[in-house]
> 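Next up is a structure, given as structure tokens.
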2 protein chains.
Amino acid sequence: MTQKKPTLVSLAESIGVSRQTVSNVLNAPQRVKPATRERVLKAVQESGYRPSAAARQLRTRRSMDLGLRLTPVTDGINGAVQDRFLHALTEAAQDAGYRLTLYSARDDEEEIRHIDELLHVADLDGFVLTGTHAGDPRTAWLQEHAVPFAAFGRPWSRTADPFESAHPWVDIDGAAGTESATGFLLEQGHRRIGFLGWRPDEGLGDDRRAGWRRAMEAAGSCGSLNELSAATDDDVAAGASAVDGLLARGVTALVCASDSLALGAFAQLRAVLPPEVEPAVVGFDDTPVAAAVGLSSVAPPVADAARRIIAVLSHVLAGRPAGEGPHRHQVLKPSLVVRKPYALGRTVPRRQGG
Amino acid sequence: MTQKKPTLVSLAESIGVSRQTVSNVLNAPQRVKPATRERVLKAVQESGYRPSAAARQLRTRRSMDLGLRLTPVTDGINGAVQDRFLHALTEAAQDAGYRLTLYSARDDEEEIRHIDELLHVADLDGFVLTGTHAGDPRTAWLQEHAVPFAAFGRPWSRTADPFESAHPWVDIDGAAGTESATGFLLEQGHRRIGFLGWRPDEGLGDDRRAGWRRAMEAAGSCGSLNELSAATDDDVAAGASAVDGLLARGVTALVCASDSLALGAFAQLRAVLPPEVEPAVVGFDDTPVAAAVGLSSVAPPVADAARRIIAVLSHVLAGRPAGEGPHRHQVLKPSLVVRKPYALGRTVPRRQGG
DNA sequence: CACCACAGTATGAACGTTCAAATGGGGTGT
DNA sequence: ACACCCCATTTGAACGTTCATACTGTGGTG
């Protein structure tokens, strides 16, 4: 039979001090005389005392708990990014003494309702936002209600400078990624390199297209770049069907905004090109599918991003000034992973940037 | 300026009743006279009152919070299963009024330490275990400490009947999956169908091998089946390198214990077989990689499993008798998804069983 | 020697909820 | 008329912590 859980009071009277002294030993050790501190600490160890999160939360209104929305797995291919991010975030939060609570929402409004709910009933200390986009209602709401949060993704906007934003964020430098991918294809001797991306979004997609454009212009390819660029939905089929048009315009290699698109394009090229010509396609996100098929891809450092997000957020939550501590706005350089098509299990990682 | 959060007391005196009456309206409406009930409910709506989880938890010692371990993404291919499971679990828990807290652990012992910790400090109500295996120390520990939990995966054991186990669990019928995969290949005219799996584990892997064996024996292939079966590590490279040996023994088609193995085998067959022969390989788990490459695969109903796990667990947590409510031990039939290799975007799903 | 500052420790109150028991106001039965 | 019971509602206490404040003894200072 296991004995009852010790509390501050029960523990205190078993040592012969007051509950507040025990509390101080754990929360503000410098206030307690070293001799008694030792004595109390020993008792804490032996009894296996654990403070009650509920009681502490009731009094302090802090839960040491962070919220994260789990977005529905749309594609399954790009979903792997979320998986890696989530795992790193869990570990980082755990190491920083925070717990992580999940919620699921279909759209931004539903997410806001969930945040509101969790804030009121569970006193969550902060939130991690993912998938930020232009005109994001969530950041506005959170700021208006003075809720601490950090975003994975910069605050996309045509007018405002993201580096001036009030809230902390960490993002991947998509432009740098596509730029180095384009650079890699240029090195291989390609000149007419196309870009296969999404429709204009004033955000993620435009950023990735911009990197390709920058590299192409730097290489002196000042012709009309627009005709080398295609914009479609983000799935495998769309990637495949966009290929023919680009080929007709003389494209010999492709940089893609996602692995889904890259995979579609790759398969289509395989079907269309003569067998001896190996399709030159670079994807984005370095998902398991890219690895399995032997597709080169831009690898975003999501685990690193997760750790930095927790670092910034816990800095804010600790009430420390924005001046010191980790930078409030961070852009991380992705690396390029070069593979030989179908060379299963024989990946040749190659770091660029970072 | 947002006004202060209403509490039971503040709300009660604004209506002119006692706090307990308000509490009863929310928790035991039948105790309150309909007239006052209406009055209170109206006030609750208008004020936007939300009960404090911390206070409730402190008093009742229930947190309405469930714990789940997030296992490190090993493969990236099979990790997608975890992703789908997690998402369905989050939604199901949310719908049932529970929150979901994540923790990360490297092995079973570390998980037990985390559970112990969360149990004491955060009063978690229950846990969801995944990846059960023979001699699992976690189930023993949880039972010993009378902690409510449900497992995704049956309690593998040579001696004990899983259907007699004390704790609830939901599992996928792996044997039925490989059996129908084998049946499919038999229909296609194959006779010497090999099985590519893991080393004996008295669990998941043996189960999947058993389904293949059952189908083969039923087809009258009573020769020594052992020589058609290979056991290796669970990754793409291992799958590829196991192929040659099986081919030498006259195997013309393969059922695999995972998509990783299937993918490796598939690529190797492509390299070895003449171009006009299409490799006949069926994987397991129906991961995005299988879909992308056009590999047939056994699809486990993980989302359904997640919902059923929450159903059983919340039934237990509500203190209802084991007799009524959802079955405490459930085995779910997977379905077979048939694809044409490389026919990207042109998937032909085909349901079997279930 | 009375006084004060200060470090160390102890006490009262509060956070917001639910459980257990007490109270009040109709009936209904004898 | 009285005892009785039942329903609806209220009151006291408790869950385990931390904040604010009060107490105690020691050493220094005028």
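Proteins come first, then strands; the chains are lettered A, B, ... in the order of their sequence lines, and each starts at number 1.
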> Whole angstroms only, please: what is the CG-P distance between B:L58 and D:dT18?
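In whole Å, D:dT18 P and B:L58 CG are 12 Å from each other.
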> For B:R61 and B:Q30, take the nucleotide of DNA chain D holding the closest heavy atom to each; which residue's nucleotide lies nearer the 5' end?
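Nearest nucleotide further toward 5': that of B:Q30.
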> What is the per-nucleotide protein-contact pattern of nucleotides 18-23 of chain C, from the 5' end, where B denotes a base atom under 4.0 Å from a protein heavy atom, S denotes such proximity for sugar-phosphate atoms only, and - denotes neither?
BB----
> Write down the distance between CZ (B:R37) and C1' (D:dC7), rounded to a whole number of angstrom.
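Rounded to whole Å, this separation is 13 Å.
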> Are B:D108 and B:R113 within salt-bridge range, i.e. N to O under 4.0 Å?
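Looking at B:R113 together with B:D108, the answer is no, because their closest N to O distance does not fall below 4.0 Å.
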> Any base atoms under 4.0 Å from B:T21, or only sugar-phosphate, or nothing? Heavy atoms, all strands.
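Touches a base.
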> Would one find a side-chain N or O of A:T36 under 4.0 angstrom from OP1 or OP2 of C:dG8?
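It does not, given that no N or O in the side chain of A:T36 lies less than 4.0 Å from OP1 or OP2 of C:dG8.
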> Does a side-chain N or O from B:S52 land closer than 4.0 Å to OP1 or OP2 of C:dG16, or not?
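The answer is no; no side-chain N or O of B:S52 sits under 4.0 Å from OP1 or OP2.
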> What is the distance, rounded to the nearest whole Å, between atom CD1 of B:I15 and atom P of D:dT10?
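Distance check: B:I15 CD1 to D:dT10 P gives 10 Å.
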> Tell me which one of A:E111, A:H133, A:Q143 satisfies side-chain hydrogen bond (donor to acceptor under 3.5 Å, both in side chains) with A:R138.
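Running side-chain hydrogen bond (donor to acceptor under 3.5 Å, both in side chains) over A:E111, A:H133, A:Q143 with A:R138 returns exactly one hit, A:E111.
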> What is the separation between atom CG on A:D123 and atom C1' on C:dG16, rounded to the nearest whole Å?
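Result: 11 Å.
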> If you measure only the distance, is there a donor-acceptor pair under 3.5 Å linking the side chains of A:Y103 and A:E117?
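No.
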> By the definition side-chain contact (heavy atoms from CB on, under 4.5 Å), identify the one residue from B:V128, B:L66, B:L129 that meets it with B:I309.
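The side-chain contact (heavy atoms from CB on, under 4.5 Å) with B:I309 is passed solely by B:V128 among B:V128, B:L66, B:L129.
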